Q: 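The structure that follows is given in the form of structure tokens.
None of the values given here were measured: they were computed from a predicted structure. In what follows, every chain begins at residue 1, and chains take the letters A, B, ... in the order their sequences are listed.
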Protein chains: 2
Amino acid sequence: MRIAIADDEELFRKGISMLLTDFEGVELAFQAGNGQELLDQLAAVETQPDILLLDLNMPILDGVEAAKILQEKYPELKFIVLSSYYSKAFIVKMIELGAAAYLVKNSTPEDMEHTIREVAEKGFYYDDKVMSVIRDNIITKTRPPSRVSFRNEISNREQEVLQLICEELTTPEIAARLFISPRTVHGHRNSLLSKLDCKNTAGLVVVALQEGLVDIKRMRF
Amino acid sequence: MRIAIADDEELFRKGISMLLTDFEGVELAFQAGNGQELLDQLAAVETQPDILLLDLNMPILDGVEAAKILQEKYPELKFIVLSSYYSKAFIVKMIELGAAAYLVKNSTPEDMEHTIREVAEKGFYYDDKVMSVIRDNIITKTRPPSRVSFRNEISNREQEVLQLICEELTTPEIAARLFISPRTVHGHRNSLLSKLDCKNTAGLVVVALQEGLVDIKRMRF
DNA sequence: ATGAAAATAGGCATTTCTACCTATGCCTTC
DNA sequence: GAAGGCATAGGTAGAAATGCCTATTTTCAT
């Protein structure tokens, strides 16, 4: 089984390489320090690696962008995403881009070997944490806006206003859409800022998207 | 742990009941022969069951319809879908409706016990087959809209400004952070609005998050 | 070295946002 | 029936954002 590594940290790459050599039947295909190098190497080698360990944080061409290209040009290549943290947004994004697994960097070597072997055998491997994120994502995405965390705290009207803010409407536009006074929209916006503990509109949108408080289907894309 | 069963076949229900009594710490809450009976029983009992085994094929009110109502009225109730076949469409549908697990009827008692225990402990359990269906569904659902990446269009400085906007900084704050004039930040912000085709800050944040143009790790949560 | 793009910065005008207030009518819950 | 939450709406201010201009310097590639 040939494994390639794409990570910007030299030391990390070397460390992983050492670990991989200890694994039965595993061979290092090549290493890359950024997404561009990775693509260059993939284009250069004659036999493609079976599995790629792909770091999210890389200069020049990062993991997300690299994954988009991989999905297009090398759909057969199974890649395991390496990241420092469990980030909801990244997990979802990378799974959507075809990631075979999502491995946090402070996992044990045993975790890594297990992940690699599962990916080799079944084509993918999602641990409990990742599955949980995926499940949340499926359920909240299809059951439009309905969630527990902040969902309990904000009122229906506030949610409507939040939705429209995320759809790039200004206060007067929202007022017109909801047939209420702009001042009322102000009030709801202020409640949202307070309840969601934000400093400005940007914060509201971040929280709304991260917490699934709005219906993404109604938005751009 | 109290478990309820909803299945139209008397013999199957009895058989499952017998099996359940063999499991450590498991107690039968009640049985129902169709969806309507299930809802009646749920409304009647004083203490809700912890887990529900829900058959898909039932007369009067089938599993799918029952699940919709369960999701609405008893969102806390974890239900395990029982079905005769692995059907992609059903798996996807039921997971969307909040199913905690999908168990085919010719599984072994050990499989069933394992599923029940995992659901009790983690809140859900998807076996390899189910996971595979979910994965296919996610990837194919999100692949079509292959839109252009904005990554290449925005400059480094613009990306930095975008990042800080998403971190809820105002223009003067961003200017101070980057040691440049607020007017320059204005310029970058305007370029972003233009390049990303947005109407306001809210739009910028939406695009930034959806397209992964910013480092989520540096943000709230 | 010439042109293109990026980064820098400003003027001016308007709109929008945010932060303090107050206040009323309508529900539901206790 | 009192209390509290919600939706409604307004006053006043100042801060921020947005639009539409111009202009310089740097940087990079042809």
Q: Is a side-chain donor or acceptor of Asn200(A) paired with a backbone partner of Gly203(A) at a separation under 3.5 angstrom?
A: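 Present.
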Q: Can you tell if the side chain of Leu42(A) reaches within under 4.5 Å of the side chain of Gln48(A), non-hydrogen atoms only?
A: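 Heavy-atom side-chain distance check passes, below 4.5 Å.
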Q: Could you grab the distance from atom CD1 of Ile69(A) to atom CG of Leu97(A), nearest 0.5 Å is fine?
A: 11.0 Å
Q: Within this structure, what is the CD1-to-P distance between Ile174(B) and dA7(C), rounded to whole angstrom?
A: 15 Å
Q: Separation of Glu168(B) atom CD from dA17(D) atom C1', in whole Å?
A: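 So the two atoms are 16 Å apart, to the nearest Å.
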Q: Find the distance Arg157(B):CZ to dT27(D):P and express it as a whole number of Å.
A: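 For the pair Arg157(B) CZ and dT27(D) P, the rounded distance is 13 Å.
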Q: Is there a side-chain contact between Ser181(B) and the phosphate of dG10(C), meaning an N or O under 4.0 Å from OP1 or OP2?
A: yes
Q: When you match Pro182(B) and Asn156(B) each to their closest nucleotide on DNA chain C, which lands nearer the 5' end?
A: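 It is Asn156(B) whose nearest nucleotide is closer to the 5' end.
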Q: For Asn34(A), is there any backbone N or O sitting under 3.5 Å from a side-chain donor or acceptor partner on Asp8(A)?
A: no
Q: Please round to 10 degrees the angle between the axis of the first five pairs and the axis of the last five pairs in the helix from dA1(C)-dT30(D) to dC17(C)-dG14(D).
A: 30°
Q: Pick out which of Arg189(A), His186(A), His188(A) makes a side chain to side chain donor-acceptor pair (under 3.5 Å) with Thr171(A).
A: Arg189(A)
Q: Sugar-phosphate atoms are those with a prime plus P, OP1 and OP2; base atoms are the rest. Using that split, label each nucleotide of nucleotides 18-30 of chain C B, S or - for protein heavy atoms under 4.0 Å, 5' to 3'.
A: BS-----------
Q: With a 3.5 Å cut-off and no angle check, do the side chains of Glu160(A) and Asn156(A) form a donor-acceptor pair?
A: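 Their side chains do not contain a donor-acceptor pair, so the 3.5 Å distance test is not met.
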Q: Between dG5(D) atom C1' and Glu158(A) atom CD, what is the distance in whole Å?
A: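 Interatomic distance, CD of Glu158(A) to C1' of dG5(D): 10 Å.
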Q: Please determine if Lys14(A) and Glu10(A) form a salt bridge, counting it only when a charged side-chain N lies under 4.0 Å from a carboxylate O.
A: yes
Q: Is any side-chain N or O of Thr184(B) closer than 4.0 Å to OP1 or OP2 of dA7(C)?
A: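 No, because none of the side-chain N or O atoms of Thr184(B) sits under 4.0 Å from OP1 or OP2 of dA7(C).
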Q: Can you find a side chain N or O atom of His188(B) that sits less than 4.0 Å from OP1 or OP2 on dA9(C)?
A: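 For dA9(C), neither OP1 nor OP2 has a side-chain N or O of His188(B) closer than 4.0 Å.
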Q: Rounded to whole Å, please give me the gap between CG in Leu178(B) and P in dA6(C).
A: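 Whole-Å distance recorded here is 17 Å.
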Q: In whole angstroms, how far is the P atom of dA17(D) from the CG atom of Leu192(B)?
A: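 So the CG-P distance, Leu192(B) to dA17(D), works out to 13 Å.
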Q: Once you round it to whole Å, what is the distance between P of dA16(D) and CD1 of Ile165(B)?
A: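 Whole-Å distance recorded here is 14 Å.
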Q: Look at Arg13(B) together with Asp55(B) and state whether they make a salt bridge at an N to O cut-off of under 4.0 Å.
A: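 Here Arg13(B) does not pair with Asp55(B) in a salt bridge, since their nearest N and O are not under 4.0 Å apart.
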Q: To the nearest Å, give me how far apart CG (Leu169(A)) and P (dT16(C)) are.
A: 12 Å
Q: Atom CG in Asp127(A), atom OH in Tyr102(A): separation rounded to 0.5 Å?
A: 10.5 Å
Q: Please check the phosphate of dC6(D) (OP1 and OP2 only) for any side-chain N or O of Ser155(A) closer than 4.0 Å.
A: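 No, because none of the side-chain N or O atoms of Ser155(A) sits under 4.0 Å from OP1 or OP2 of dC6(D).
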